[in-house]
Amino acid sequence: TSALSKPCIIDIKMGCRQWASDAHPSKIASKQRKTLESTSRNLFFRVCGMKVYNCTTGDSLSLHKQTTSKFTKAQMQSVLAGFFDN
């Protein structure tokens with residue numbers, strides 16, 4: 001992305017099980033808590049962060065995991081549509 005002046009970037013974590021088989025029990029508990037507290041529980045993915053530039057207006061939008069983890073299904077659909085339909 002270093003050669004791009006206004007890259008659009010999205011970090012998506014897929015699935016509900018987000019730990020290695022040999023993970024420490026405390027790590028597993030932490031990951032399970034994150035799954036239950038985010039869209040991973042119902043949508044089986046979560047957006048951990050994104051930055052998107054609007055090609056028409058030149059504005060940028062940055063969202064962080066503290067914001068996106070609480071999104072509803074409708075809000076997530078809107079965010080993804082805004083990212084991919086730019």
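Note: hydrogens, waters and symmetry copies are ignored here, and every other heavy atom, side chains too, is used.
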Worksheet item: Are L36 and F71 connected in the hydrophobic side-chain network, where two residues link if heavy atoms are under 4.5 Å apart?
Response: no
Would you tabulate the side-chain donor-acceptor contacts of residues 77-84 under 3.5 Å, counting partners in other chains and residues two or more places apart, or write 'none'?
none

Worksheet entry | OG on S40 to CZ on R46, rounded to 0.5 Å | 4.5 Å
Discussion item. I'd like to know if the side chain of R41 pairs up with that of Q32 as donor and acceptor (distance under 3.5 Å, no hydrogens or angles considered).
Written reply: no
Discussion item. Once side chain to side chain donor-acceptor pair (under 3.5 Å) is applied, do any residues pair with D22, and if so which ones, sequence neighbours excluded?
Written reply: none
Worksheet item: For N54 and T56, which heavy atoms make the closest approach, and how far apart are they?
Response: OD1-N, 2.8 Å
Practice prompt. Working to the nearest 0.5 Å, report the span between CG of D11 and NZ of K51.
Written response: 15.0 Å
Fill in: Point-to-point distance, once rounded to the nearest 0.5 Å, from NZ of K34 to SG of C48
8.0 Å
Discussion item. Nearest 0.5 angstrom please: M76 CE to S69 OG, how far?
Written reply: 8.5 Å
Discussion item. Hydrophobic clustering (ILVMFWY, side-chain heavy atoms < 4.5 Å, transitive) - are M14 and W19 grouped together?
Written reply: no
Worksheet item: Is there side-chain contact between T35 and Q18, with heavy atoms separated by less than 4.5 Å?
Response: yes
Worksheet item: To the nearest 0.5 Å, what is the distance between OG1 (T72) and CG (L43)?
Response: 9.0 Å
Worksheet item: Do I12 and F44 belong to the same hydrophobic cluster, where Ile, Leu, Val, Met, Phe, Trp and Tyr are linked whenever their side-chain heavy atoms lie under 4.5 Å apart, directly or via other members?
Response: no
Discussion item. Rounded at 0.5 Å granularity, tell me how far OG in S26 sits from NZ in K31.
Written reply: 11.5 Å
